[in-house]
Amino acid sequence: MRDGLKPELIERVLGAKPKYTLPELEEKFPPRDLPAGAFVTRFAPSPTGFMHIGGLYQVLINSKLAQQTNGVFMLRIEDTDTKREVKDAVQIIIDSLKSFGLSYNNDEKYGPYYQSQRKDIYHSVAADLLARGLAYPCFLTAADMERIRAEQSAAGFPTGIYGEFARDRDLTESEIIAHLDNGEVPSIRLYSNGNPERRIFCKDAVRGSIGFPENNEDLVLIKSNDGLPTYHFAHLCDDHFMRTTHVVRGAEWLSSLPLHYQLFQMMGWTPPMYIHTSTLDTIDKDTGKQRKLSKRHDPESNVANLLADGWPVMAVLEYLFNIIASGYEEAKLKGAVKSIWDYEFRPKKIPMSGALFDMKKLEWWAKENIAQMSVDELVANVVAWAQKYADSMRKEQISDLQYLRNVLSIERDNPKRIRKDFITWRQTLSEVEYFWDKFFVPNREYEFNADVLNAFLSTFNIADDKDTWWNKIVEIANRFGIKNGDVAMNLRVALTGRTNTPDLYSIMQVMGKDRVIERVQGAIK
RNA sequence: GGCCCCAUCGUCUAAUGGUUAGGACACCACCCUUUCAAGGUGAGAAUCCCGGUUCGAGUCCGGGUGGGGCUGCCA
């Protein structure tokens with residue numbers, strides 16, 4: 001093994017003396033005191049100003065895994081890309097989790113939870129690697145690397161900094177000092193001892209053992225521009241010292257698994273169990289091919305849009321959870337479990353192939369979800385949504401809470417016959433908007449039978465019970481020699497402007513005598 | 001190009017190597033009905049292809065094909 005750098009040089013290379021030794025870090029972040037079998041998981045987003053539905057999917061897996069094993073679920077912010085910082089991005093993530101009722105437990109003992117605040121830890125680990133000759137300062141510039149890449153492509157070699165292309169891999173002490181004296185700031189690269197001729201076997205909880213060629217690339221561990229770690233190095237340090245037991249991440253990380261194994265091996269640490277999730281996909285309208293849901297082309301992939309449209313949060317969660325644990329749906333339908341939090345799932349069953357995001361199925365979960373709510377819950381949800389997202393016109397519908405409650409109570413009394421045409425809070429309010437005079441649009445197309453409507457008005461009594469009311473309708477139908485349904489339809493369109501509505505008797509009871517008379521008279525003219 | 005992952009009805013999926021390949025959503029038909037939603041009943045619909053192992057393959061192995069990912073001082 002080659003010699004490592006001397007402490008004085010490490011200090012110069014890193015810009016400061018490392019704050020901790022490895023044993024100090026081990027002591028500072030001891031193994032967690034948790035029951036046997038408890039999972040320690042985390043959601044580790046980079047703050048891009050956007051919460052993707054795929055992110056929510058991963059949060060759900062992570063938090064369920066922790067919840068069902070009495071473990072810990074953390075939120076760690078991967079803000080190591082200073083070039084891409086977005087204002088308020090972290091708040092968007094935190095708010096999204098809160099909206100969905102997904103909580104995390106960031107015990108400060110294992111913090112901080114912003115990677116930008118963990119520099120001391122990364123540098124201390126890097127110092128150890130430097131001292132052992134397993135990392136080195138690299139003074140290659142962007143232009144240097146661009147040139148190397150071009151040469152490699154031209155020659156048909158794999159691109160990257162490895163082997164003979166790693167110019168600074170074996171710099172002498174005096175050469176390093178010369179660069180530093182010259183004012184150059186190095187990045188810290190892995191001194192890879194991997195040999196692509198050999199294979200390394202890595203484990204994924206759902207796919208099992210996967211063989212890869214060993215990694216021989218000298219990947220960057222610490223970036224030169226800001227001294228922050230790359231994802232790979234941060235993952236190594238953080239998931240070790242936060243004592244993460246299970247890393248749930250997207251399948252795009254599968255290819256870096258051999259590198260991550262290599263890093264853990266070099267440190268003598270046990271790698272976590274990895275769970276690589278598949279993507280949530282859609283069919284591209286232009287190409288007709290399946291592809292990952294993207295934030296640019298698919299507005300429904302933005303959790304903020306889902307919330308703004310008023311999807312019931314539990315329905316979204318249940319939809320996603322049923323992808324993760326396909327047995328959930330049946331268990332719920334049979335009444336074996338009440339919610340996703342009662343259903344225990346096995347990580348091995350998480351699907352490996354990409355799932356198409358199915359709006360129709362989401363709608364079904366939403367309808368079922370709303371149908372199961374009490375009227376009070378329904379009203380509370382609609383009101384909460386409107387207060388936050390509705391325009392002032394729409395807010396009229398929540399100004400009289402008792403009236404709103406009466407409207408939303410229609411066809412909810414019989415558990416077997418609960419209306420299932422409410423999908424989102426936004427759509428619910430527009431579905432019932434004809435109850436408000438401001439929104440009511442008289443139907444100009446429908447050909448009313450004025451005689452029938454006059455006959456209705458002459459016998460109308462709001463105090464009639466349902467049977468009495470219906471008998472009067474039948475009587476009118478007989479008198480005019482038309483079908484009962486025709487009379488009802490005249491009335492329906494007069495009252496609501498629509499041809500499809502819930503039960504008319506209920507509608508009239510809610511609307512009240514004056515409004516009924518006014519609208520029927522309006523239709524007659 | 002190289003490396004890696006994946007592949008069951010339209011969609012999400014179930015199936016210790018032995019079932020008539022099961023369920024849900026969607027779709028269709030019929031019933032109920034003051035329209036719609038709901039509810040009830042029913043129908044159609046799948047193991048990517050070719051080999052091999054086996055008494056027996058959706059399941060195991062090999063090779064194709066198709067889709068996806070990685071190949072950044074982004075995560």
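Naming: A, B, ... by sequence-line order, numbering from 1 per chain.
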Practice item. Spell out yes or no: do the side chain of A:Thr501 and the base of B:C36 have one donor N/O and one acceptor N/O closer than 3.5 Å? Key: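 No, the side chain and the base share no sub-3.5 Å donor-acceptor pair.
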
Can you tell me how far [atom1] in [N] sits from the matching atom in [M], rounded to whole Å?
N     : M     : atom1 : answer
B:U34 : B:A38 : C1'   : 15 Å
B:G44 : B:G2  : C1'   : 46 Å
B:U47 : B:U20 : C1'   : 15 Å

Point to revise | Among B:C74, B:C73, B:U11, the nucleotide that comes nearest once only the side chain of A:Leu356 is considered | key: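 Of all the options, the side chain of A:Leu356 is nearest to B:U11.
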
Check your understanding: Given B:A7, B:A38, B:C73, which nucleotide is nearest the side-chain atoms of A:Ser187?
Key ->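 Nearest nucleotide to the side chain: B:C73.
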
Given [N], is OP1 or OP2 found less than 4.0 Å from the side-chain N or O atoms of [X]?
X        : N     : result
A:Arg149 : B:G72 : yes
A:Thr80  : B:A75 : yes
A:Lys360 : B:C12 : no
A:Lys349 : B:A14 : yes
A:Arg419 : B:U35 : no
A:Thr159 : B:G72 : yes
A:Lys367 : B:A26 : no
A:Lys223 : B:C74 : yes

Exercise for review: Map A:Met489 and A:Phe212 onto RNA chain B by nearest heavy atom, then report which one ends up closer to the 5' terminus.
Suggested key: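 With A:Met489 and A:Phe212 compared, the 5'-side residue is A:Phe212.
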
Practice item. Specify the residue among A:Ile210 and A:Glu252 whose closest nucleotide of RNA chain B lies further upstream toward the 5′ end. Key: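 Its nucleotide being nearer the 5' end, the pick is A:Ile210.
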
Run the salt-bridge test on [X] and [Y] with the 4.0 Å N-O cut-off and return the result as yes or no.
X        : Y        : value
A:Arg291 : A:Asp298 : yes
A:Arg417 : A:Glu411 : no
A:Asp239 : A:Arg76  : yes

Point to revise | Over 12 foreign heavy atoms within 6.0 Å of CD, A:Glu146 | key: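 No, because the 6.0 Å sphere around CD of A:Glu146 holds 12 heavy atoms or fewer from other groups.
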
Check your understanding: Using purine N1 to pyrimidine N3 plus N6-O4 or O6-N4 for Watson-Crick, or N1-O2 and O6-N3 for G-U wobble, both under 3.5 Å, which nucleotide pairs with B:A7?
Key ->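 The answer is B:U65, by the H-bond criterion.
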
Review point. Base, sugar-phosphate alone, or nothing: which one does A:Asp81 contact when heavy atoms must sit under 4.0 Å apart?
Key: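 Sugar-phosphate only.
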
Check your understanding: So, is the end of the A:Arg498 side chain (NZ or CZ) under 6.0 Å from the ring centre of A:Tyr434 and within 45° of the ring's axis?
Key ->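 No cation-pi geometry.
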
